[in-house]
Amino acid sequence: MGGQGLRRRLILFGAPGSGKGTQAELLRQRYDLDHIAPGDMLREHRAAGTELGHLASEYMAAGKLVPDELIVNMIRHRLEDDGDAKGFVLDGFPRTVPQARSLQELLEKMDRPIDLVAVLDVPEEELVARLSRRATEERREDDTPEIISERLRVYRVQTEPVLEYLGDLVPVLRLDGRGSVEEVNGALVQAIG
Ligand code: AP5
Ligand code: MG
């Protein structure tokens with residue numbers, strides 16, 4: 001895995017509503033990658049009534065980040081499970097500098113370096129519009145105006161600094177995330193090769 005310029009161990013990075021989940025799913029299908037999304041995993045835990053789901057639920061409902069230790073453990077197990085046959089796309093992780101450090105350490109031990117961090121840049125008005133639209137379609141409990149604005153604040157304060165940290169270690173590519181789903185997918189596929 002990896003050689004010949006292929007980029008198949010990916011981090012999709014971006015604010016809430018930037019399209020990480022949508023694009024990760026398309027990349028999963030195209031390249032047969034493992035789609036690793038802590039937000040989805042936590043919602044599954046919550047629905048299944050596990051202890052982790054219970055611990056995470058208050059943070060999620062408030063638009064705050066779940067403590068690093070819980071997230072890093074969950075992701076560690078997931079990465080160890082996957083065998084890395086065709087690679088992975090991380091969607092929503094890492095979201096803090098300590099998470100990014102843990103990920104680097106873990107992947108170094110596994111000899112599975114990240115090939116690319118793709119950042120989906122979308123202006124804040126568009127993020128709010130997308131999440132508000134989703135609120136009427138899907139009813140995710142954290143898609144209310146107040147919680148959307150808290151999630152965006154948390155992104156600016158806790159998550160954006162991760163890019164500076166990763167930028168010293170891994171190639172980072174910023175993409176315009178404002179186009180249609182297909183346009184953004186096209187740009188990602190071109191970058192990934
Ligand atoms: P998480 O589930 O990761 O949510 P999020 O980051 O807030 O992001 P979203 O899933 O809302 O947006 P997205 O970028 O995936 O965009 P999407 O494709 O859905 O996290 C939820 C919570 O879990 C966190 O608040 C936290 O509590 C906890 N958590 C998760 N990870 C954690 C971590 N690492 N550490 C600690 N806590 C963690 O698109 C959004 C909408 O826009 C959709 O309706 C979609 O159809 C639409 N759309 C997508 N692309 C386009 C486009 N190009 N044009 C128009 N509409 C589009
Ligand atoms: Mg998502």
Side-chain angles (χ1 to χ4, degrees), residues 10-29 35-47 52-76 78-79 89-103 106 117-163 165-166 175-189:
L10 312 167
I11 296 176
L12 264 190
F13 201 95
S18 59
K20 301 182 296 296
T22 304
Q23 295 299 331
E25 193 47 30
L26 294 173
L27 297 178
R28 182 188 72 74
Q29 289 166 17
H35 175 189
I36 303 180
D40 294 345
M41 292 166 79
L42 291 170
R43 281 184 287 276
E44 282 163 22
H45 272 277
R46 226 177 26 188
L52 175 57
H54 181 68
L55 287 170
S57 71
E58 256 179 62
Y59 296 97
M60 296 173 78
K64 311 271 188 212
L65 295 182
V66 174
D68 288 334
E69 200 192 326
L70 295 176
I71 298 287
V72 168
N73 276 332
M74 182 175 78
I75 296 293
R76 178 183 297 122
R78 182 64 196 269
L79 283 169
V89 51
L90 291 170
D91 153 17
F93 180 86
R95 261 164 132 118
T96 65
V97 172
Q99 288 182 17
R101 275 201 209 101
S102 299
L103 178 69
L106 182 66
V117 180
V119 186
L120 301 176
D121 277 320
V122 178
E124 198 151 313
E125 322 78 86
E126 172 71 12
L127 297 170
V128 172
R130 287 184 189 178
L131 295 175
S132 309
R133 214 178 299 136
R134 187 173 65 186
T136 59
E137 291 159 3
E138 283 179 36
R139 303 195 171 277
R140 232 177 77 170
E141 62 164 3
D142 56 352
D143 283 341
T144 64
E146 210 174 82
I147 306 300
I148 289 171
S149 104
E150 177 61 9
R151 286 157 64 203
L152 293 173
R153 190 191 68 79
V154 165
Y155 175 77
R156 285 192 299 269
V157 174
Q158 292 184 265
T159 304
E160 261 180 357
V162 172
L163 270 186
Y165 172 82
L166 287 174
L175 295 171
D176 186 347
R178 284 174 305 181
S180 67
V181 170
E182 294 71 25
E183 282 165 344
V184 176
N185 180 241
L188 273 169
V189 166

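Each ligand, and each atom within it, is numbered from 1 in the order the structure gives.
Counting only non-hydrogen atoms, the option in G17, G92, P67 that gets closest to atom 12 (O) of ligand 1 is G17. Nearest-heavy-atom check against atom 45 (C) of ligand 1 across T96, L12, T22 picks out T22. Residue nearest to atom 3 (O) of ligand 1, selected from E58, R95, K20: R95 (by heavy-atom distance).
The proximity of V181 to ligand 1, defined as any non-hydrogen pair under 4.0 Å, involves the side chain as well as the backbone. If you look at E183 next to ligand 1, there are no close heavy atoms at all, none under 4.0 Å. By the criterion of a heavy-atom distance under 4.0 Å, neither the backbone nor the side chain of V154 is placed next to ligand 1. Contact annotation: for R43 versus ligand 1, heavy atoms closer than 4.0 Å belong to the side chain alone. Contacts with ligand 1 closer than 4.0 Å are made by side-chain heavy atoms of R151 only, the backbone lying farther away. Counting heavy atoms under 4.0 Å from ligand 1, residue S180 touches it through the backbone alone. With a heavy-atom cut-off of 4.0 Å, R178 does not touch ligand 1 at all. With a heavy-atom cut-off of 4.0 Å, P94 does not touch ligand 1 at all.
In this structure, A24 and D91 approach most closely via the heavy-atom pair CB-CB, 4.1 Å. Nearest heavy-atom pair across P16 and Y155 is CD-CB, 3.9 Å. Residues G92 and P38 come closest through the heavy atom pair O-CG, 3.4 Å.
Considering both main-chain and side-chain atoms, L42 never comes within under 3.5 Å of ligand 1 through any nitrogen or oxygen pair. For ligand 1, the polar-atom distance check finds an N/O of V66 within less than 3.5 Å of one of the ligand's N/O atoms.
The list of side-chain hydrogen bond (donor to acceptor under 3.5 Å, both in side chains) pairs with a residue in residues 54-65, not counting sequence neighbours, reads K64-E150.
Q23 places a side-chain N or O within donor-acceptor distance of the main-chain N or O of V181, the cut-off being under 3.5 Å.
Evaluation of the side chain to side chain contact (heavy atoms under 4.5 Å, CB included) rule for E126 yields V122, P123, R130 as partners, not counting sequence neighbours.
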